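Below: the structure, in structure tokens.
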Protein chains: 2
Amino acid sequence: MGVTIKDIAALCGVSPGTVDRALNHRPGISEKTKARILQVAEQMNYQPDHMARSLAKGRTMTIGVVLFDLYNRSFSQLMNSIEAASRQQGYFVDLVLTNKDPENEKKCIEHLLLRKVDGIIIFAINQGEAFNDYLKSLSIPVVTICNYVSDDWSYIGIDDREAMKEAVRYICGKQYERFIYVCPPLAYRGKTNIYTQEERLAGCLEGLKESGIEAQPTVITDKDYIGSISRMDFGSGTKTAIICSCDIYALEVMNHLKGRGLRIPDDVGLMGFDNIDVLKYVSPALTTVEYAVEEFGSRAVQCVIEQIEQGTRTLVPRLPYQVITGDST
Amino acid sequence: MGVTIKDIAALCGVSPGTVDRALNHRPGISEKTKARILQVAEQMNYQPDHMARSLAKGRTMTIGVVLFDLYNRSFSQLMNSIEAASRQQGYFVDLVLTNKDPENEKKCIEHLLLRKVDGIIIFAINQGEAFNDYLKSLSIPVVTICNYVSDDWSYIGIDDREAMKEAVRYICGKQYERFIYVCPPLAYRGKTNIYTQEERLAGCLEGLKESGIEAQPTVITDKDYIGSISRMDFGSGTKTAIICSCDIYALEVMNHLKGRGLRIPDDVGLMGFDNIDVLKYVSPALTTVEYAVEEFGSRAVQCVIEQIEQGTRTLVPRLPYQVITGDST
DNA sequence: CTGAAAGCGCTAACAC
DNA sequence: GTGTTAGCGCTTTCAG
């Protein structure tokens, strides 16, 4: 159906090899014939066949992207920027979604391997040495994003620990006496990759300590964290702050607190993390931490392409963040 | 690097052709040799080369997906289900994002063509006969989703007109005297594909008419619709309902109304459409229309694969919807 | 500077 | 039943 390199060769009275040299601007061809070939190619509206080229070169111009899902706002934004950056660089994107299931993640990666992707950008749910070795065995560039796996791979993200610490220090200036930290993923400690969540927790603990808060916070890791909170009393004088590791949890908690008729921040303080865009429709404005997740995407693409094409790896610095002081604390 | 069909052939002492017959369960091979070949393939952990197969068969096992972006919640859910359904059927997914730019949409489709996708699922921003002819010229199956192009293509969606009509009839039972319809995309009438938005508007008008409302609603198509609304007075006795063609607009309007100190629904009634999941964090609960967008995805995949593999096209019925009566009207 | 030819790994038509 | 062969369209090496 399409016009091939042979057609052009025939029409120009040259060999396919020569056409290839012209088309790919390789040396060993006179300007004259090259110009002629390019012109004919143009006229015939020649489109190189990606499949054939991939087969011959062993490269597919495809980046595999492994994410949990697209439900979390941040992931969507991430994917948006990955798609744009990739296509702009002439790469295709193969998206696979793991649904936070470690087994499924492996299937997803296998799927990408079948496709012979040139590199992978992954928000990993697996972790540990075995997984790291598995990634190594793929022998293609891998860029980790949002969840660290090991120093063997570039990592794109913010310094979650510092960010949370800074946010918590801010909260601590508000006379809270009791602190509750909400982070259900911590229940999967040792089972799945919760690097980022661990960092945030650590940052919280450090932040409290540095602020001179002696009492340890209550850490809620229940999947049914709302249930746990519903059994807690917030009326009794001691002013409580609930710090959530993600905005989503904070929003759920907010709904719950409102349902109980508790006022935020007067009765209970509330903080999230991520500054997802729907926050603007919610009141009171949530105190949270913001960072440019779109930039994660473009950086990741740039980083993986560099490894694919140059074979070099430039260290990507931790990206900037900012504490957003809302009205909820 | 991988083990090929030749390696297996050599090891089994048969020809590549025979291995192919075994691997693809084609007739013309004895059970005995087939079993032996399959076993060896298994042992050697043979993985067929997708590129080579595609080149030979002229099929890539890839579905191209064209969406506006992933920002709108519904799109994310859609993509989630498309990814899952595709992978489950052994297909790859190539996602391209148009950002609602008609020119970019063409580039996106070209990108998919380079990739030689077997079929396309598209939420179109282009429209009209020229575009329809363009799609025809691709000579691969196309499934339209959420925005109708023509009867040449399967269409997945709800009956937006009826849905909006039903919702508006519900609103009309609430003694409103003045109606405002908010739908910025209508400003692009004739320029981009706003089929769904047109349907919703028509449904609104019909709903009002059937409810015996004489006065025409004020239709706001400004990009700066908040600006337009800010210039309107809602205090003066006549009870107003603001009907938005999407939840997103409704949420923006809600923010604005709250900012003005207006009470919803006491001072102004407000309605959205889509029932995006963030509504649960917003109060008052928005009156809206719900439908299973995930099902759009799985239906679309099923539909495009049927066309790719069987060459047949089964009419997909309009999917069900439901008016959600909230506290905002 | 250009042509010829041998692949990339798999499929499919035609012999035997 | 099984082997042989000629591609799919492009790249790349080796002659000339």
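Protein chains get the first letters and strands the later ones, always in sequence-line order, with residue 1 at the start of each. All heavy atoms count here, side chains included; hydrogens, waters and symmetry mates do not. If you're wondering where the values come from, they're calculated on a predicted model, not measured in any experiment.
Neither OP1 nor OP2 of D:dG1 sits under 4.0 Å from any side-chain N or O of B:Thr33. For the OP1/OP2 pair of C:dC8 and a distance below 4.0 Å, the side-chain nitrogens and oxygens of A:Ser54 include no atom meeting the criterion.
One interatomic measurement links the two molecules: CG of B:Asp20 to C1' of D:dC8, which rounds to 14 Å at whole-angstrom precision. In this structure, CG of B:Leu55 is placed 17 Å from P of C:dG7, rounded to the nearest angstrom. The CD-C1' distance, from B:Glu31 to D:dT2, rounds to 15 Å in whole Å. One atom, NZ of A:Lys57, and another, P of C:dG9, lie 16 Å apart when rounded to the nearest Å. Protein atom CZ of A:Arg53 is 8 Å distant from nucleotide atom C1' of D:dC10, rounded to whole Å. Atom-to-atom, CG of A:Leu114 to C1' of C:dG9 comes out at 14 Å; the value is rounded to the nearest Å. Spacing between atom CD1 of A:Ile29 and atom P of C:dT2 amounts to 6 Å, rounded to whole angstrom units. Summarising the geometry, the separation between CZ on B:Arg26 and P on C:dT11 is reported as 7 Å, rounded to the nearest angstrom.
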Worksheet item: Stepwise, does the side-chain hydrogen bond (donor to acceptor under 3.5 Å, both in side chains) test hold for A:Thr98 with A:Asn104?
Response: CA-CA 5 Å; A:Thr98 67; A:Asn104 195 32; 5.7 Å; no
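Taking 4.5 Å as the limit, some side-chain heavy atom of A:Leu67 sits within range of a side-chain heavy atom of A:Leu97.
No hydrogens or angles considered: nothing links the side chains of B:Glu295 and B:Ser81 as a donor-acceptor pair under 3.5 Å. Side-chain contact annotation: A:Arg115 with B:Thr62, donor-acceptor N/O pair under 3.5 Å present.
If you find the closest nucleotide of DNA chain D to A:Arg21 and to A:Thr4, the one lying nearer the 5' end belongs to A:Thr4. Mapped onto DNA chain C by nearest heavy atom, B:Pro16 and A:Thr18 fall at different nucleotides, with A:Thr18 at the one closer to the 5' end.
Here A:Pro48 lies in heavy-atom contact (under 4.0 Å) with sugar-phosphate atoms only.
Classification of A:Asp101 and A:Lys107 as a salt-bridged pair fails, no side-chain N sitting under 4.0 Å from a carboxylate O.
The nucleotide whose nearest atom lies closest to any side-chain atom of A:Ala56 is, among C:dG7, C:dT2, C:dC10, C:dG7.
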